[in-house]
Amino acid sequence: MTIATAFPYPTPVAKLRSLLNSLPFFWLLLAIPGALMLAGWLDGAIDTMDMLHPTGETSARLMIAAMLIGPLTGVLGARRWLGWLLRRRRALGVSAFLYALAHLVFYVIDMGNLDDMLAEIGAPGIWTGWVALALMLPLACTSNNAAMRALGAAWKRLQRLAYPAALLTLLHWWWVHNGLAGALAHFAPLALVWLALAARRLQSVDAPPRTPKGIRP
Amino acid sequence: MTKLPLAALALAVAATAGLSAPAHATGAIKCDAGPQSGWKSREALESKLTKDGWQVRKLKVDGGCYEVYGTTPEGDRVEAYFHPVTFEKLYVARRGQVLFRAKGY
Ligand code: HEM
Ligand code: HEM
């Protein structure tokens, strides 16, 4: 850092640092699990049916990660690493949606025809997935700066669709998988942070809210 | 009281890190069928099911039973469990929704 300010041109190390720290590089990281899954599938090592698990779980993890950052900032106050994550929250949300789309694509390939898909759409483990995806769609469509500006305060209200989407994902996971353990384990961090946030709010009812507006990108 | 949020954070990180376990068996039901050497073969189950009008996509062992992903003679896409010695149909589910469960299972 000091070297970079001492010289008019960035050193190779500083250049590398800013490259690794850039948003495109973060997107690249987010794409790696998908690339590995895709390679395994094209190779024949992973059945189409077995692509549902990694795509769905990755989507859910990214969604949870996106949803953790805000409340964590509320609990811990502004931190540098949280600011770093805040600037990447949109990427996390969008990639959660993209992995969910991939999940759907492999579901469609595996089912192979519309009749079979319609026949099971009423199953609790399936409609919950469809509704979760439907709720994520408007978020994805309004995730650009132009839409954010145009929607103003409504954008924030729209973004709250993430909560029912997360709840439906939890139910989807639970019901499609005959078991609550995996789903609960993933959603536990979110529940814990919300609890901590609620505890904080209770402690400081008359203090101003601690959400640091200034550092939101 | 700053310890509480920090503890929650630590827990959250630990939970996320510790639970990256890969796909687990669904283990919808369990079969007590003795050692695998006494089982009938997968091929035998597959050909029996095919003769009965099933379409088998995938056949594996789960919970000591044979677990089959496929289509029933009625045309439903399901996940079904069969006893590995008797080939008795024990459990049929569609995406976690139970359609059939044999007595005692
Ligand atoms: C278009 C709607 C959706 C359909 C039809 C669908 C379908 C499925 C199916 C059939 C499975 C079972 C896979 C298996 O048996 O291994 C599954 C699992 C899963 N799905 Fe979805 N899904 C949908 C949307 C979503 C969304 C939006 C998310 C997340 C945000 C999601 C996350 C998951 C997860 C976490 C699993 C469990 C993975 C596992 O442990 O096997 N799904 N989904
Ligand atoms: C599907 C595509 C999504 C896009 C494009 C998207 C985009 C964004 C953007 C642009 C922000 C504003 C702040 C920022 O730029 O970092 C944001 C905030 C947020 N996102 Fe998303 N998001 C998406 C999905 C999700 C999902 C699936 C979740 C969780 C389930 C989620 C949870 C959040 C939360 C909790 C906030 C903070 C909202 C607030 O400050 O009140 N987002 N998202």
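Throughout, protein chains are lettered first and strands after them, A, B, ... in sequence-line order, and every chain is numbered starting at 1.
Below 4.5 Å, heavy atoms of chain A meet no heavy atom from residues 45-56 of chain B. Residues of residues 33-44 of chain B lying under 4.5 angstrom from chain A, judged on non-hydrogen atoms, do not exist here.
Dense packing is recorded around CG of A/N113, with more than 12 heavy atoms of other residues, nucleotides or ligands lying under 6.0 Å away.
Ion pairing between A/D110 and B/R77 holds under the 4.0 Å rule for side-chain N and carboxylate O. A salt bridge links B/K58 to A/D50: one of the charged nitrogens lies within less than 4.0 Å of a carboxylate oxygen.
Contacts between A/D115 and chain B at a heavy-atom distance below 4.5 Å are absent for every atom of the residue. For A/M49, the part lying under 4.5 angstrom from a heavy atom of chain B is the side chain only.
Across all non-hydrogen atoms, the minimal contact from A/A119 to B/R94 is O-NH1, 3.4 Å.
To the nearest 0.5 Å, atom CZ of residue B/R95 and atom CD of residue A/E120 are 4.0 Å apart. Here B/D76 contributes atom CG and A/D116 contributes atom CG; the two are 8.5 Å apart, rounded to the nearest 0.5 Å.
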